*Asks:* 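My questions all concern the structure below.
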Amino acid sequence: MPARHHPSSPPTPRTENGENAGNGPQDKDGENSKAARSAKAAKSGKSSKSGKDSKRAKGGQDGKRAKSVAAGEPVERAATAPATSTESAGSATDGHVTTAVGRIPVLDVRPLVQQGRRPAKAVVGETFEISATVFREGHDAVAANVVLRDPDGASGPWTPMRELAPGTDRWGADVTPHAPGRWTYTVEAWGDPVATWRHHARIKIPAGMDTEAVLEEGARLYERAAAGAPEGPDRTAVLTAAEALRDEGRPAVSRLAAALTPEVDAVLERHPLRELVTACEPLPLLVERERALYGSWYEFFPRSEGTPERPHGTFRTAARRLPAIAKMGFDVVYLPPIHPIGTTFRKGRNNTLDPGPDDVGVPWAIGSPEGGHDAVHPDLGTPEDFAWFVERARELGLEIALDFALQCSPDHPWVQKHPEWFHHRPDGTIAYAENPPKKYQDIYPIAFDADMDGLVAETVRVLRHWMSYGVRIFRVDNPHTKPVVFWERVIGEVNGADPDVIFLAEAFTRPAMMHTLGQIGFQQSYTYFTWRNTKQELTEYLTELSGEAASYMRPNFFPNTPDILHAYLQHGGRPAFEIRAVLAATLSPTWGLYSGYELCENAPLREGGEEYLDSEKYQLKPRDWEAAEREGRSLAPLITRLNEIRRAHPALHRLRNLRFHHTDQEAVIAYSKRSGSNTVLVVVNLDPHHTQEATVSLDMPQLGLDWHESAPVRDELTGETYHWGRANYVRLEPGTRPAHVFTVLRPSNPQIGGSPTS
């Protein structure tokens with residue numbers, strides 16, 4: 001992406017014609033603009049460009065001074081056009097040469113999504129890093145800053161960048177958007193003449209080299225810098241330093257020291273003297289509500305929450321489950337499709353092709369004579385019952401997420417009304433869905449290319465229909481089997497008017513598709529977490545998710561779904577369910593469970609497969625929740641505690657702050673998250689069958705501590721407190737103590753070890 005070079009007004013002292021050429025803010029009406037200066041110069045018969053300085057330091061250099069810009073000052077932008085197919089970089093057009101970089105190169109700005117065509121993402125209050133490669137010719141100092149502009153175009157506070165690692169030319173700064181909407185961010189790089197002078201002065205003054213010339217040069221730089229500081233103590237401090245540099249009655253070393261005080265340093269850090277300011281093109285940033293990144297989901301089938309007298313549940317009977325879900329600390333209740341289910345090729349129990357008269361069918365086979373995607377299954381109730389259910393959930397602090405599956409049963413009204421929306425075989429019949437060797441005879445997939453505009457319009461209409469009932473979250477079924485551009489249009493249209501609406505992509509597919517769906521608008525995505533179970537698998541995958549991908553793809557960790565019962569849960573028993581819950585709840589800001597997880601349901605349809613035996617997709621599945629809790633068979637207490645810990649610790653609301661720590665056992669994983677003063681450290685035994693002992697070696701700076709420090713750590717699962725330093729022994733037993741979830745407390749005296757103190 002081409003950079004922009006910012007030519008700026010000449011700095012103080014005044015030019016030869018007496019006009020102020022300082023680096024203070026320009027007049028809003030253009031009095032101090034380039035055009036105004038040119039006009040004045042024309043009237044006086046002089047060029048608008050100033051010549052040599054009226055004063056020169058003894059032994060100093062003649063010549064033109066580089067133009068400078070004060071921090072935060074509006075600057076003129078002269079965009080450098082990118083090379084095109086007909087005009088390569090370096091060619092001349094109308095006498096102007098196009099270049100790929102600006103005066104100070106600003107390269108490889110991150111985050112960058114689809115070369116800046118799509119916005120990077122954040123949520124309100126989320127701190128994240130903006131970085132770039134910045135350098136210049138020779139040995140003069142460079143510096144950089146970030147300009148973050150809110151949806152109204154107002155720039156945020158002065159945000160200087162720091163060199164991330166010496167010698168790498170990689171600079172970065174943390175920013176925090178405070179409101180939702182479409183923001184922009186820009187990296188500005190600039191020559192730092194004060195830092196260059198200071199470096200030279202620290203060498204030359206003690207050696208007695210060019211003493212007066214060096215000090216006079218510094219005084220002039222400080223005068224120029226003072227012009228960019230606000231009137232008052234800041235400007236006075238810099239001007240006082242300039243006077244000290246010229247005070248020939250003091251030793252040279254003392255004069256220099258007066259210009260290098262912490263007070264002066266602080267002023268120059270807030271109001272630096274900037275030359276040759278060059279900026280990248282503004283890059284887009286989409287800031288969304290926090291639920292797009294953080295939350296706890298619970299999935300259940302309302303139809304399974306019936307009564308002995310009427311086994312098929314309704315919205316009214318299912319609402320009785322809501323208080324228990326809220327008590328466990330969940331934020332979102334996710335419902336599978338609630339629409340009428342087709343009868344043609346209806347599936348029976350365990351996906352059989354010969355259903356009985358009482359088989360309820362698969363909710364994803366949407367559509368019947370009772371209606372399609374905008375209708376409610378009559379056995380669940382009426383639209384008014386659904387509205388009541390949504391309101392009841394809201395009263396309990398729960399949001400409803402509705403499944404949106406863009407597919408139809410053979411009985412869907414669209415089949416007759418819009419036959420062009422479906423694939424047809426040579427014999428004229430409509431092709432059903434297949435994922436060999438699986439066949440879905442009860443589902444017709446959509447053909448998008450015959451009438452893309454019509455499908456976009458109808459999809460948006462259906463989504464807005466459910467939004468009118470208070471639904472603001474949609475879990476989209478298999479979006480990777482539809483054109484990406486279709487979702488970009490649909491989500492863009494919905495979020496354009498309703499930016500608070502969240503779309504979760506259920507896309508268990510190839511990485512390129514998953515990442516692209518996040519880039520074009522999906523706020524969240526299912527992930528490969530279910531299939532990542534070893535320390536190496538988890539570390540590599542979470543390093544990917546919490547790195548650059550976090551700027552556009554937000555994970556939602558479900559240890560199980562109605563479709564997926566992993567072998568780890570099948571063979572690991574209750575300890576495996578505990579381990580995966582701890583991992584999901586603490587690794588990802590958003591996690592979720594499919595109901596039955598708390599009862600450790602783990603019977604597969606067949607060995608080697610991931611389908612549940614007696615899957616709830618095909619039948620009603622009533623459960624005795626109260627008996628399970630009475631008998632101690634439920635994981636509800638652990639799940640409740642995990643969600644309490646998540647709510648109490650802001651560090652667990654974020655993704656990009658995840659850091660891993662070394663352990664000397666492959667079955668033990670350790671990681672931490674830090675946000676401000678809140679630090680959470682997690683250690684988990686990944687082996688559901690055996691006790692594991694390990695030494696955990698902590699990267700103390702990642703915990704906000706010095707290498708020599710130790711600190712009390714409180715286990716939020718047990719209440720025990722330990723003193724931990726750089727190396728710590730742990731013993732984790734499946735079913736008894738599978739994990740530590742520590743809060744890192746205030747530092748104490750240096751100590752190594754891991755014994756409990758209470």
Side-chain angles (χ1 to χ4, degrees), residues 1 71-72 74 106 108-132 144-162 164 171-188 270 279-295 331 472-473 491-492 494-503 518-525 545-556 588-590 649-658 673-678:
M1 178 167 292
V106 181
D108 193 20
V109 179
R110 303 294 176 90
L112 183 70
V113 180
Q114 292 190 1
Q115 292 74 50
R117 294 190 299 269
R118 296 293 306 178
K121 296 179 184 177
V123 298
V124 175
E126 180 184 7
T127 298
F128 66 98
E129 183 181 82
I130 294 174
S131 64
N145 62 276
V146 173
V147 179
L148 188 65
R149 295 190 183 279
D150 67 20
D152 295 325
S155 59
W158 167 250
T159 308
M161 303 177 82
R162 66 195 184 283
L164 299 177
W171 293 69
D174 291 336
V175 298
T176 307
H178 56 77
R182 295 190 174 273
W183 296 55
T184 64
Y185 56 97
T186 306
V187 173
E188 294 180 342
R270 292 191 298 270
C280 72
E281 293 286 341
L283 292 168
L285 172 68
L286 177 61
V287 181
E288 298 173 300
R289 64 181 177 119
E290 190 180 37
R291 188 63 70 231
L293 174 65
Y294 163 74
D331 307 298
R472 313 304 286 182
I473 304 177
I491 295 173
V494 171
N495 281 156
D498 296 274
D500 63 314
V501 175
I502 294 169
F503 292 90
Q519 291 168 355
I520 59 90
F522 278 92
Q523 282 79 9
Q524 293 183 8
S525 177
L545 292 179
S546 61
E548 292 184 9
S551 65
Y552 56 83
M553 179 177 165
R554 304 185 185 106
N556 191 331
S588 175
T590 297
H649 293 276
L652 295 177
H653 299 189
R654 300 292 179 255
L655 174 64
R656 306 181 218 219
N657 58 354
L658 177 64
K673 290 186 173 186
R674 181 158 65 102
S675 178
S677 61
N678 180 231

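Values below: all heavy atoms of this structure, side chains included; hydrogens, waters and symmetry mates excluded. Because the structure is predicted, anything quoted here is derived from the model rather than measured.
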*Asks:* Indicate yes or no for a side-chain donor-acceptor contact from Glu126 to the backbone of Pro177 under 3.5 Å, with no hydrogens or angles considered.
*Replies:* no

*Asks:* Would you sort out whether Glu290 and Val124 count as a side chain to side chain contact (heavy atoms under 4.5 Å, CB included), showing the intermediate values?
*Replies:* CA-CA 6 Å; Glu290 190 180 37; Val124 175; 5.9 Å; no

*Asks:* Working to the nearest 0.5 angstrom, can you tell me the gap between Ile491 CD1 and Ile520 CD1?
*Replies:* 4.5 Å

*Asks:* How long is the span from the OG1 atom in Thr590 to the CD atom in Gln524, to the nearest 0.5 Å?
*Replies:* 4.5 Å

*Asks:* Any side-chain heavy atom of Asn678 sitting closer than 4.5 Å to one from His649?
*Replies:* yes

*Asks:* Residues in ring pair (Phe, Tyr, Trp, His ring centres under 6.0 Å) with His653, at least two apart?
*Replies:* Tyr294

*Asks:* How close do Val106 and Cys280 get, heavy atom to heavy atom, and via which atoms?
*Replies:* CG1-CB, 4.1 Å

*Asks:* Any non-hydrogen side-chain atom of Pro111 less than 4.5 Å from a side-chain atom of Tyr552?
*Replies:* no

*Asks:* Please report the shortest heavy-atom distance between Arg289 and Ile473, naming the atom on each side.
*Replies:* NH2-CG1, 3.8 Å

*Asks:* Any chance you could measure Leu285, atom CG, to Asp150, atom CG, to the nearest 0.5 Å?
*Replies:* 11.0 Å

*Asks:* How about Glu188 and Val147: do any of their side-chain heavy atoms sit closer than 4.5 Å?
*Replies:* yes

*Asks:* Just wondering, do Pro589 and Lys673 contact through their side chains at under 4.5 Å, heavy atoms?
*Replies:* yes

*Asks:* Would you check if the side chain of Asp152 reaches a backbone N or O of Ala154 as a donor-acceptor pair within less than 3.5 Å?
*Replies:* no

*Asks:* Identify the two heavy atoms, one from Ala132 and one from Val187, that lie closest to each other, and give their separation to 0.1 Å.
*Replies:* CB-CG1, 4.0 Å

*Asks:* Report the distance from atom CE of Met553 to atom CD of Gln519, rounding to the nearest 0.5 Å.
*Replies:* 10.0 Å

*Asks:* Determine the sole option in Val501, Val123, Asn495 for which the side chain to side chain contact (heavy atoms under 4.5 Å, CB included) test with Gln523 is passed.
*Replies:* Asn495

*Asks:* Side-chain contact test, heavy atoms from C-beta onward, threshold under 4.5 Å: evaluate it for Arg110 versus Glu548 and give yes or no.
*Replies:* yes

*Asks:* Looking at every heavy atom in both Asn145 and Met161, which two are closest together, and how far apart are they?
*Replies:* CA-CG, 3.6 Å

*Asks:* If we only count heavy atoms from C-beta on, is the Leu164 to Trp171 side-chain gap below 4.5 Å?
*Replies:* no

*Asks:* Any salt bridge (charged side-chain N to carboxylate O under 4.0 Å, His left out) involving residues 112-124? Give me the pairs, sequence neighbours left out, ordered by first then second residue.
*Replies:* Arg118-Glu488

*Asks:* For side chain to side chain contact (heavy atoms under 4.5 Å, CB included), just list the numbers for Val109 and Glu281, CA-CA rounded to whole Å, side-chain angles, deciding distance to a tenth of an Å, and then say yes or no.
*Replies:* CA-CA 10 Å; Val109 179; Glu281 293 286 341; over 6 Å; no

*Asks:* What closest approach, in Å, do Pro555 and Leu545 show between heavy atoms, and which atom pair accounts for it?
*Replies:* CB-CD1, 4.1 Å

*Asks:* Could you tell me whether the side chain of Arg162 and the main chain of Gly172 form a donor-acceptor pair under 3.5 Å?
*Replies:* yes

*Asks:* Is the shortest side-chain heavy-atom distance between Ser588 and Asn556 below 4.5 Å?
*Replies:* no

*Asks:* Could you check if a side-chain atom of Pro180 sits within less than 4.5 angstrom of a side-chain atom of Glu288, using non-hydrogen atoms only?
*Replies:* no

*Asks:* Could you pull out the closest heavy-atom pair between Pro157 and Thr159, with the gap in Å?
*Replies:* O-OG1, 2.8 Å

*Asks:* Rounded at 0.5 Å granularity, tell me how far CD1 in Ile130 sits from CG in Leu283.
*Replies:* 8.5 Å

*Asks:* Scan for side-chain hydrogen bond (donor to acceptor under 3.5 Å, both in side chains) pairs involving residues 173-184, sequence neighbours excluded, and state none if there are none.
*Replies:* Thr127-Thr176

*Asks:* Quick one: does Asn657's side chain have a donor or acceptor within less than 3.5 Å of a partner on Ala651's backbone?
*Replies:* yes

*Asks:* Should Glu129 and Arg656 count as an ion pair when the cut-off is N to O under 4.0 Å?
*Replies:* no

*Asks:* Report the distance from atom OG of Ser551 to atom CG of Leu286, rounding to the nearest 0.5 Å.
*Replies:* 12.0 Å

